[in-house]
Amino acid sequence: MVEVKKVKRSENYSEWYNNLVKQADLAEHSAVKGCMVIKPYGYAIWEKMQAELDRQFKETGHQNAYFPLFVPKSLFEAEEKNAEGFAKECAIVTHYRLKTDPDNKGKLMVDPDAKLEEELIVRPTSEAIIWNTYRDWIQSYRDLPILINQWANVVRWEMRTRLFLRTAEFLWQEGHTAHATKEEALAETKQMLEVYADFAENFMAVPVIKGVKTENERFAGADETFCIEGLMQDGKALQMGTSHFLGQNFAKAFDVKFVSKENKKDYVWATSWGVSTRLMGALIMSHSDDEGLVLPPKLAPIQVVIVPIFRKEEEKMAVLEKAREYANALKSKGISVKLDDREGQSPGFKFAEYELKGVPVRIAIGPRDVQNQTVEVARRDTKEKQVMAEVDLVHKIEHLLTQIQQNIYQKALDFRAENITTVNTWDEFKNVLENKPGFILAHWDGTSETETKIKEETKATIRCIPLDSALEEGKCVYTGNPSKQRVLFAKAY
RNA sequence: CGGGGUGUAGCGUAGCCUGGUAUCGCGCCACAUUUGGGAUGUGGAGGUCGUAGGUUCGAAUCCUGCCACCCCGACCA
């Protein structure tokens, strides 16, 4: 265990976040600029996320496949807007061989004779290589839809990185689907947005606002970008997932046509959608406190930890026997349990350690409990402790896990409700931004110019045009021009 | 990439101004006593002072380049 340097959320949110990621053993910086090492405990959480998302993708008819890491430059540039959007942050492979440096013993140099005829782009996203492939897969409407997802790594050469929130290389899934009609593609886009929202709220316990991006914030190459937006504890917004309706842009760029039932040729309609290891950042920032991580039971690698307490040898026997009995009973119900029977550490040490790691439920069992047929149960979210009779313990723990899942969602939901402010004037807008970080609902005249000016003056961007907000006549907070709907502003990660 | 800061053992640090071979705490290893909220004692191991040069008899300390990280911008999921 590392010595814990305590920084409070309220003192320095960034430092608190960085310390937490390291101290809870989730990830660390690597020798490669901007890239992180995801450590076993952090990766275990990501695997839980993957497993559930993957299940939902398959349930909605998708299959996994894998496409190359590299994209030849000529393919990459085919869809102009997409290429332009990502051009500034691409890593490029220009050579395929090193050789020993004659002027510098023991060192290697790029072999100038091994220059590639065509540069390879390390994928920042895979539309290009995938749509180039789909062209060969699609001839008839009978070949559609294609519903494919891939789990992969991508590289975006960011200037400023932060563990999980923005790294130069990150892990994600990207779904890429092809459809015969616009309606079907749009329905797919919305369906996957729902999958993401459901996952965020019911598994991550993070409430999200579903919406549409403005033109400024739209994915490069998309006709429409849908997104889910979460609110972090420091009042900043985090884009947690996007689902794009790509229209026929990629089909046209890669010449992907199909013959319809009516024997007519038409371009294929496309969608793509993705979530990344950034979700780890959202999870950490949404629930954790000054004691450490708080994990929702549905994603916690360890849901219940059992800490045995004993002095004498005969106590140890009795306590461990009980502890194993409980552990097995819980495991048989599919609950992931860790029995921490290390003898070098005191119970207090272990309590603190599992709090740091966000384990939802802790069971302590000592000689006193063995005698009374009880256990001490502590929940991470509220830090409440109670002595429970062992009768029906498994059911009680199952119930408690459900309660914790609900409670941390409710807490996050309440927090968000308190931090969405409706404003009507520009003064109010600026005042709220400065004094009460969070989401702002305000009228906007619908132009890119206004959005850009607001961003320049306040750093706030339109996170989305919420899908479920009612139409309402009003005046743009910035220009006073007419508006039909409030949009969601915030400073964002 | 611009402005500010940091880099000394696994972690947190003192020393740097005023140059003389590195301090303390946690952790680690061994043994003993301990264990219901971060145990105690005794003994021990662990350092190219981020890195590459320069100045000097001598560099953690002074100078230069580079690298990484943090904070604030620009860019972005």
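Just so you know, these numbers come straight off a predicted model, no measurement behind them. FYI, side chains are in, hydrogens and waters are out, and symmetry mates aren't considered; it's all heavy atoms of this structure. Lettering of chains follows the sequences in order, A, B, ..., and the numbering in each one begins at 1.
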Has A/Lys357 got its NZ or CZ under 6.0 Å from the middle of the six-membered ring of A/Tyr41, at an angle within 45 degrees of the ring axis? yes

Side-chain heavy atoms of A/Val206 within contact of A/His287, under 4.5 Å: yes

May I ask you to check whether [X] and [Y] show a side-chain donor-acceptor distance below 3.5 Å?
| X | Y | value |
| --- | --- | --- |
| A/Thr189 | A/Ser243 | no |
| A/Asp340 | A/Tyr354 | yes |
| A/Arg123 | A/Thr125 | no |
| A/Glu47 | A/Gln50 | no |
| A/His244 | A/Thr225 | yes |
| A/Gln150 | A/Ser126 | yes |

Could you report the tightest heavy-atom contact between [X] and [Y], atom names first, then the distance?
| X | Y | value |
| --- | --- | --- |
| A/Leu163 | A/Ala27 | CD1-O, 4.4 Å |
| A/Trp46 | A/Met280 | N-SD, 3.8 Å |
| A/Pro207 | A/Ala412 | CD-CB, 3.5 Å |

Euclidean distance for P, B/G50 against B/C11 (whole angstrom):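 Approximately 13 Å lies between the P atom of B/G50 and that of B/C11.
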
Would you tabulate the nitrogen or oxygen pairs shorter than 3.5 Å linking the protein to nucleotides 29-33 of chain B?
none

Quick one: does A/Arg362 reach the base of B/G37 with a side-chain donor-acceptor pair under 3.5 Å?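 Answer yes: a donor N or O sits under 3.5 Å from an acceptor.
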
State whether the distance check finds a donor on one side and an acceptor on the other, under 3.5 Å, for side chain A/Glu353 versus base B/G37. no

With heavy atoms under 4.0 Å as the rule, sort [X] into base, sugar-phosphate or nothing.
| X | value |
| --- | --- |
| A/Gln239 | sugar-phosphate |
| A/Phe170 | base |
| A/Leu238 | nothing |
| A/Arg342 | nothing |

Parallel, tilted or perpendicular: ring planes of [X] versus [Y], cut at 30 and 60 degrees:
| X | Y | result |
| --- | --- | --- |
| A/His62 | A/Trp273 | perpendicular |
| A/Trp16 | A/Tyr13 | tilted |
| A/Trp426 | A/Phe429 | parallel |

RNA chain B: stems of at least 3 consecutive Watson-Crick or G-U pairs whose donor-acceptor distances fall under 3.5 Å: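 B:1-7 with B:67-73, B:10-12 with B:24-26, B:28-33 with B:39-44, B:50-54 with B:62-66 - these are the stems of 3 or more pairs that involve RNA chain B.
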
Taking for A/Tyr493 and for A/His29 the nucleotide of RNA chain B with the nearest heavy atom, the one nearer the 5' end belongs to A/His29

Measure all distances between protein nitrogen or oxygen atoms and nitrogen or oxygen atoms of nucleotides 71-73 of chain B, and list the pairs falling under 3.5 Å.
unit_1, atom_1, unit_2, atom_2, d
B/C71, OP1, A/Ser14, OG, 3.3
B/C72, OP2, A/Arg160, NH2, 3.0
B/G73, N7, A/Arg160, NH1, 3.1

Quick check on contacts: within residues 368-393 of chain A, what sits under 4.0 Å from RNA chain B by heavy-atom distance?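 Per residue number, the list reads A/Arg368, A/Asp369, A/Glu376, A/Lys385.
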
Once salt bridge (Lys or Arg N to Asp or Glu O under 4.0 Å) is applied, do any residues pair with A/Asp381, and if so which ones, sequence neighbours excluded?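 Testing A/Asp381 for salt bridge (Lys or Arg N to Asp or Glu O under 4.0 Å), a comparison that skips the adjacent residues, returns A/Arg379.
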
For A/Phe70 together with A/Phe76, are the ring centres under 6.0 Å from each other?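 No - the distance between ring centres of A/Phe76 and A/Phe70 does not fall below the 6.0 Å cut-off.
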
Considering only nitrogen or oxygen atoms on both sides, find all protein atoms under 3.5 Å from nucleotides 39-41 of chain B and state each distance.
unit_1, atom_1, unit_2, atom_2, d
B/A39, OP1, A/Ser346, OG, 3.3
B/A39, OP2, A/Ser346, OG, 2.3

Using whole Å, report how far CD of A/Glu28 lies from C1' of B/C70. 17 Å

Consider the side chain of A/Phe310, meaning its heavy atoms from C-beta on, and name the nucleotide among B/U35, B/G36, B/G38 that approaches it most closely. B/U35

